[in-house]
Asker: 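Take this structure first; my questions come after.
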Amino acid sequence: MGRRHARCIVLRASQRLWAQKELNLNNFISLGLPSVLTDSLTAGGFTEPTKIQSQAIPKLMEGRDMMGIAQTGSGKTAAFGLPILAGILGLTGRPRPLTTRALILAPTRELAVQIDEAIRKFAGSKMKLDTVLLLGGVSRYHQVKKLERGVDITVATPGRLKDLMDDGKIRLNETRWLVLDEADRMLDMGFIAPVRAIAKAIGFKRQTMMFSATMAPEVADLAKSLLNEPVRVDASVAGSTVVKIDQRVILSGAKAKRGVLNELLASETEKMERVIIFARTKHGADRVAKNLEIDGHKAAAIHGNKSQNARQAALKGFATGDVRILVATDIAARGIDVPGITHVVNYELPDDPENYVHRIGRTGRNGASGFAITLCDGTERGKLRDVERLIRRTLPVSGDLHLANDTGVVEAPRSAYKKSGNGRPGPRSAKNPRTQVDRRSPAERRPFAEFGKEGAPKSQPHHQPSDAPRTRPAAEGRTRPEGQAPRGVRRDLETGKPMAPKVADGAGKPKQRWGKAQKDALRTGGRSNADRQRGRVA
DNA sequence: AAAAAAC
């Protein structure tokens, strides 16, 4: 009976599979894609378009330009890739030597590799397709060989592409499709000049697709000059994904972080199957990886000082499950799409608060849930506050501010990361020695969780008139010596009038960490980081 | 004072 029942289920499942194959029950068909592509999608197990795919594909098949607000994981690669593949299927003959029919630009090499792999997978084995991947860090030789024969699709990072353009190894005059992926990041990285040069080389007979996580003014500017009456598709999933990520903060002294991390990796409740650990600097990432190895954990590291081969190897080992721990700089904060990451650990807080959001977005993907654990020491309080302001919520904190202000003597007591809650130190015990001398002023001695609220930037009304005496609700009932300004209000030295608080116009927005002049120099000059450092006046 | 991207 049980057996027959089981067989019945098996039969039903196989019938469904058969029906799907036979009748090609693939919802991509309704989007107007040719059968060569839907067949390969079915074979790859893709039958259900994502939100952005069902919105974008029909419009792109009509030849419209597009501005897409979307992040990695939304399925945007297929959203622009499939219409391009469909367009190429409609062309006859081979691409001419030194030309490419489609050009896809990405900000980092890893991202370019991912896009290239995905597109070839969508095309499947039945479609004749010549592609080339143009990125730095590897020999130009094979890239040039492929270009000499002519290619259908080129995926590139701006530096190497511009390099090859200047050497006459690639001509863009026959390029019909241009994609700018992660445009916001490309601008942040100073690629505006090469991107414009590339677009100019292609000319106007093209279909342009631009994708960005945000619609910052610079992005809007670029979109205005590159896109022609674009369709706008918004597939930002801001709330829904973040909700599935369990975020928390553990206070820990800088030197105690190593011990805290080891405890986390060892603890059974955490079930850290695949974890990515973010460090702030390349050197920091190497150091964390080295310490993990010493402490008996197999780990790979990825950052910009590693060779392209080493970077690919690290990523591959992580994706295959060969190593369960990847230590990374913010090179991997965005775009890296390795499935099954259960935990993101911020060993150090990022300099750019936006990167916090991108980092934790490596987990909780495709409906899975994930954990994001941030280790925060005393010097990082400001950065944590910036993050909390950006995401507009206060993160649950455990651990001990005394430990966070650790200057190096304290070993992390278990209670620092086992206990969650009010952020106050647990009772003094052998395990929680609290031998640290507290060097803070009395005003600073408050539970750590309060720090995010200090100065209350998020409750400041944006439009508060600056010439009216400013009062904070919290200051009510508080007595002050005559003539002393309330805390948090700066007064003009001459007039004594209150000035606009520093944070008022930045509330809800991240602080600008680099001077505008430096960012501009980066944007326009296109010089290397090292050049920039050398050229700067000390 | 960082990271990314060209040799």
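Keep in mind it's a predicted model, so treat the numbers as computed, not measured. The figures here come from the full heavy-atom set of this structure, side chains too, leaving out hydrogens, waters and symmetry mates. Proteins get letters first, then strands, A, B, ... in listed order; numbering begins at 1 in each.
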Asker: Under 4.0 Å: is that the gap between some side-chain N or O of A:R109 and OP1 or OP2 of B:dA6?
Answerer: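 The answer is yes; a side-chain N or O of A:R109 sits under 4.0 Å from OP1 or OP2.
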Asker: For A:D330, report the nucleic acid contact type (base, sugar-phosphate, nothing); a contact means any heavy atom under 4.0 Å.
Answerer: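 Here A:D330 touches no strand at all.
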Asker: Among residues at least two apart in sequence or on other chains, which ones pass side-chain hydrogen bond (donor to acceptor under 3.5 Å, both in side chains) with A:N173?
Answerer: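 Scan of A:N173 (side-chain hydrogen bond (donor to acceptor under 3.5 Å, both in side chains), adjacent residues dropped) gives none.
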Asker: My understanding is that only one of A:T281, A:D330, A:D286 makes a side-chain hydrogen bond (donor to acceptor under 3.5 Å, both in side chains) with A:H303; could you say which?
Answerer: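 With A:H303 as partner, A:T281, A:D330, A:D286 yield a single side-chain hydrogen bond (donor to acceptor under 3.5 Å, both in side chains), made by A:D286.
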Asker: OP1, OP2 of B:dA3 versus side-chain N and O of A:R359: anything below 4.0 Å?
Answerer: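 A:R359 to B:dA3 OP1/OP2: no side-chain N or O under 4.0 Å.
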Asker: For the atom pair CG (A:L180) and CZ (A:F211), what is the distance rounded to the nearest 0.5 Å?
Answerer: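 Result: 10.0 Å between the selected atoms.
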Asker: Side chain of A:D352 only, heavy atoms from C-beta on: which candidate in B:dA5, B:dA6, B:dA2 is closest?
Answerer: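 Nucleotide nearest to A:D352's side chain: B:dA2.
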Asker: In this structure, how many angstroms lie between the P atom of B:dA4 and the CZ atom of A:R280, rounded?
Answerer: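 Rounded to the whole Å, the gap is 13 Å.
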Asker: Is the phosphate of B:dA4, meaning OP1 or OP2, less than 4.0 Å from a side-chain N or O of A:T329?
Answerer: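 Answer yes for this pair, as a side-chain N or O of A:T329 is under 4.0 Å from OP1 or OP2.
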Asker: Under 4.0 Å between a side-chain N or O of A:K162 and OP1 or OP2 of B:dA5?
Answerer: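 Answer no for this pair, as no side-chain N or O of A:K162 is under 4.0 Å from OP1 or OP2.
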Asker: Touch check for A:R334, heavy atoms < 4.0 angstrom, all strands: base, sugar-phosphate only, or nothing?
Answerer: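 No contact at all - A:R334 keeps every heavy atom at 4.0 Å or more from the nucleic acid.
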Asker: Could you list the residues that satisfy salt bridge (charged side-chain N to carboxylate O under 4.0 Å, His left out) with A:E293, not counting sequence neighbours?
Answerer: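 Testing A:E293 for salt bridge (charged side-chain N to carboxylate O under 4.0 Å, His left out), a comparison that skips the adjacent residues, returns none.
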